[in-house]
Structures are given as structure tokens and as C-alpha cells.
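Just so we're on the same page: letters track the sequence lines, and every chain starts at 1.
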Protein chains: 2
Amino acid sequence: MRLTTKGRYAVTAMLDLAIHYKDGPITLSDISKRQGISLSYLEQLFSKLRKGGLVDSARGPGGGYRLSRSAGDIAVADVISAVDESIDVTRCGGLSNCHGDGGTCLTHELWHDLSGQIFKFLSEISLGQLVENRSIQTVAFRQRDKFEHAEAALVVGSDAGL
Amino acid sequence: MRLTTKGRYAVTAMLDLAIHYKDGPITLSDISKRQGISLSYLEQLFSKLRKGGLVDSARGPGGGYRLSRSAGDIAVADVISAVDESIDVTRCGGLSNCHGDGGTCLTHELWHDLSGQIFKFLSEISLGQLVENRSIQTVAFRQRDKFEHAEAALVVGSDAGL
DNA sequence: GAATAGTTGACAAGATTAGTAAGTTAAGTG
DNA sequence: CACTTAACTTACTAATCTTGTCAACTATTC
């Protein structure tokens, strides 16, 4: 899981789509103006988003892009994965054979696990939740206490989104 | 909040430090060998980690780096922030004045909030937790049933896909 | 059927980051 | 003091991100 400005641009653009969903197909030129992202970059990003099946396109006048499914069914992780092809990294390939020292592959596993958690976290936040549940979220976050925090973080991530 | 390979390297190296804490100061050369990260790059990363107050250094023979405080007191977010100076981004500066359209700055706010959540999430995971809870994790992981899944996943952090 | 508004794809240049190489300084050791 | 070790620093190269430009291709509209 990586999280770069590229992913941020993609999520931003998708949020824009989600917000303006009711207006029919949205042109990249509109998104470009609203979000301050260069048109050519948007074209590249949406090429990947389209290949990832996250958006549908319509050409010609009145054309543009729209979400391929409900905003509630598109996770933030989906968007980021689509544009940010995450080449796996740990030299040992994740879990295979690098036991030169006691702590070698253990470290990689630790990272692997953490990475999985981040991914899971972002998988449980949908664009729809971000747009709709804004106020509820912050409240839910404030309420939990320290010891529930493990569970709460996940639950919050899942239903309250942001 | 950004999450790049750079941050991953830093966390990996810090985990290595945490694991080998009892061995006294650890040289970058050791970390380099164990984790497969180039020495030069480690030097650059640790320069920032040191400036960020996360590690203490000792020069000369027998020298090396060690965590400046308990592994339980160092959050993953601390490490990533230290090496990955996250320049803020949204053209409007985060929350200021870009209301050209209804959804313009709202989108930025949404991203800002999401970013904050990711940060909070990573702030609540310490290096110590990652290292210590691991053996418990794998066991607990196997034992849990579907409904305990949320809690276990965080404590454990195991499988979870990517 | 031509004009227009829009996507799609390719390519390249500039800007920023990631990563490497090599040299310098400080601290121990014989 | 000379030598070694290892932290520090600076300069450089490679990769990636981001923007720009140009040329198709497609559906709508006049």
C-alpha cells in the first residue's frame, strides 16, 4: 500500500465525481477547474480508473465520466490501488526465505502486517461514507476510550468512515 | 500524510532497532545487511530520524544508533512524519477560501479529514506493539472467530490481504 | 454530412523524489 | 600517534510525478 500525491489526486477527483453524481457525466475539464488538477494528468489517472472498472466513460458532447457503481461501493483503497500500482517490495518477496539473522524476515513480516492493516483500514472507508457521514464520524472518534481503541478504530473505519 | 517506500524503509529500520534494542547501539551497516537497504540511504534516513528526536547516535567503534525512547512510545506515524516531510497540498491551503463551486473546497476538506484519520490510525500503532504483540497475534489470530475479527485484526494485524 | 465537444492514446519536457557514491569528521583502540 | 570504525555531510544519478502538446477517434447537434 502506498499513499502518494498521485493517489490523493485520484481520490479527490473521485470525490468530485461522487459529489456531482446527480449532474450526469462529468467532464475532466470540470474536475480540472474545480480541483486544480491539470487536465492531462486527470486523463492519465482516469485511464487507469477506467481500466480498474471504477468509472464509466461517455464520449462526445454531453459525455464525461461517472462512477461505475454507487459511491458507497467504492472504497478509498480501490481508488488508490487503481492508480498507484503497488509493486511489492520486501526483498524477500513478503514471506519467503530470508533468514540471515533472527530479525530479518520478522521485520518484513511486521511491515507486511502493518501494510495489511492500512489497506484494510482504507478498504472500509467508501467514497460515499466520506461524503455522507461527515459529522457522525468526528463524534464517533471522540467517544471511544483508550482500551477500545483497537476495536473502535476498525469499527469507525468501517461504518463511520472518516 | 504520505506513505511511500521511503517511509516503509524508515519503519523497517526502526523495527530492526526495536528488535535488537538489547544489543546496545546498532550500526547502520548491520541494518543495511539485515534489511537489504543501502547504507547510504539509511544514513540519509537516520539523519532525519535523529533530527526528529527518534534515535540517539554514538560515533566511533562500538557506536551506532538506538531508539531515543521506549519502542512503545514511538508511533509508526512519528517515524513516517520524520522522514517524509509532508508538505501540505490542497491548493486552497487546506481550509481557506476556494469556493468557486459548491463542491470545490468541500472535496479538499474531505481529503483533509481522511488524511487526518490515516494519521490518527498510524499514531495509535507503536513500534513496540508491532514487535511485542506478534507472537500473541498469530495465536490469537488463529483462535478468533468471525465476530472477534475486527478487534483481533488490529491487535494482530496479520493476514488482512496486502 | 460537417462542426463541435468530448474521450483516448502517445510522447516528451520539466520538476520533484528516491536512491547511490564518495568524502569528512568524531570517537574509540593498539 | 596512527588506525579503524562508524556517524555525518555533500554531491550526484536514476526514477517517478506532473504538466504540456499533438493527434486520433466518437457521438451529438446543426
Side-chain angles (χ1 to χ4, degrees), chain A residues 2-13 17 20 23-33 35-52 54-68 80 82-87 89 91, chain B residues 2-13 16-17 20 23-68 80-91:
Chain A
R2 270 171 72 207
L3 189 56
T4 73
T5 52
K6 193 173 184 175
R8 191 179 64 80
Y9 281 139
V11 172
T12 302
L17 272 195
H20 296 90
D23 304 343
I26 307 293
T27 71
L28 294 187
S29 148
D30 281 349
I31 300 179
S32 171
K33 282 171 203 154
Q35 305 302 333
I37 307 170
S38 91
L39 180 57
S40 49
Y41 199 31
L42 281 174
E43 283 165 346
Q44 287 176 43
L45 294 177
F46 273 79
S47 165
K48 294 187 176 181
L49 292 172
R50 199 173 67 92
K51 281 171 189 159
L54 298 179
V55 296
D56 291 330
S57 63
R59 299 177 129 177
Y65 288 92
R66 70 175 73 192
L67 300 182
S68 67
I80 294 174
V83 299
D84 227 16
E85 65 284 350
S86 69
I87 33 138
V89 212
R91 313 262 155 149
Chain B
R2 269 172 73 207
L3 190 55
T4 75
T5 53
K6 192 172 186 176
R8 191 179 65 78
Y9 282 140
V11 172
T12 301
D16 189 280
L17 273 195
H20 296 90
D23 303 344
I26 308 294
T27 70
L28 294 188
S29 151
D30 283 349
I31 299 179
S32 171
K33 283 171 202 152
R34 280 197 291 257
Q35 305 303 332
I37 307 171
S38 97
L39 180 58
S40 308
Y41 201 29
L42 280 174
E43 283 165 346
Q44 230 175 68
L45 295 178
F46 273 79
S47 165
K48 294 187 177 181
L49 292 172
R50 196 174 66 91
K51 281 169 189 160
L54 298 178
V55 296
D56 291 329
S57 63
R59 295 175 129 175
Y65 288 93
R66 69 175 73 193
L67 300 182
S68 68
I80 293 175
S81 306
V83 299
D84 229 17
E85 65 284 350
S86 68
I87 33 133
D88 157 281
V89 213
T90 47
R91 313 262 154 151

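- Distance A/Y9 OH to D/dT16 P: 19 Å, rounded to the nearest Å.
- Atom pair A/K33:NZ and C/dA5:P shows a separation of 12 Å (rounding to whole Å applied).
- A heavy atom lying under 4.0 Å from DNA chain D marks the following residues of residues 43-51 of chain A, by number: A/Q44.
- No engagement by B/S29 is indicated, since no non-hydrogen atom pair under 4.0 Å with the nucleic acid exists.
- Side-chain atoms of A/E43 and A/S47, non-hydrogen and from C-beta on, never get closer than 4.5 Å to each other.
- Residue contacts shown for B/L39 are absent, as no nucleic acid heavy atom lies under 4.0 Å away.
- Ranking D/dT19, D/dC8, C/dA27 by closeness to the A/I37 side chain, first place goes to D/dT19.
- Proximity note for A/S40 (side chain, C-beta onward) versus D/dT19, D/dT5, C/dA5: the nearest is D/dT19.
- Between A/S38 and D/dT19 there is a side-chain polar atom (N or O) within less than 4.0 angstrom of OP1 or OP2.
- Atom CD of A/Q35 is separated from atom OH of A/Y9 by 11.0 Å, given to the nearest 0.5 angstrom.
- At least one side-chain heavy atom of A/K6 sits under 4.5 Å from a side-chain heavy atom of A/Y41.
- Expressed to the nearest 0.5 Å, how far CG of A/D84 lies from CZ of A/R2 amounts to 4.5 Å.
- The NZ-P distance, from B/K6 to D/dT16, rounds to 15 Å in whole Å.
- Taking atom CZ of residue B/R59 and atom C1' of nucleotide D/dA7, one finds them 5 Å apart after rounding to whole Å.
- Residue A/S57 is classed as a sugar-phosphate contact, given heavy-atom separations below 4.0 Å to backbone atoms only.
- Looking at B/S32, its side chain never comes within 3.5 Å of a backbone N or O of B/S38 through a donor-acceptor pair.
- At least one side-chain heavy atom of A/L17 sits less than 4.5 Å from a side-chain heavy atom of A/F46.
- B/I26 comes within contact range of the sugar-phosphate backbone alone, with a heavy-atom separation under 4.0 Å but no base atom that close.
- For the atom pair CD1 (A/I31) and CG (A/L42), the distance works out to 6.0 Å, reported to the nearest 0.5 Å.
- Rounded to whole Å, atom P of C/dA15 lies 16 Å from atom OH of A/Y41.
- The side chain of B/T4 places an N or O atom within less than 4.0 Å of a non-bridging phosphate oxygen (OP1 or OP2) of C/dA18.
- For the atom pair CD (A/Q44) and CG (A/L39), the distance works out to 10.5 Å, reported to the nearest 0.5 Å.
- Between B/R2 and the phosphate of C/dA18, there is a side-chain N or O to OP1/OP2 separation shorter than 4.0 Å.
- Put simply, CZ on A/R8 is 12 Å from C1' on D/dT18, counting in whole angstrom units.
- What separates CG of B/L42 from P of D/dT9 is a distance of 16 Å, to the nearest Å.
- Contact of B/T5 with C/dA18 (side chain to base): no donor-acceptor pair of N or O atoms is detected under 3.5 Å.
- Using a 4.0 Å heavy-atom cutoff across all strands shown, A/T27 reaches sugar-phosphate atoms only and no base atom.
- The CZ atom of A/R66 sits 15 Å away from the C1' atom of C/dT7 (whole-angstrom rounding).
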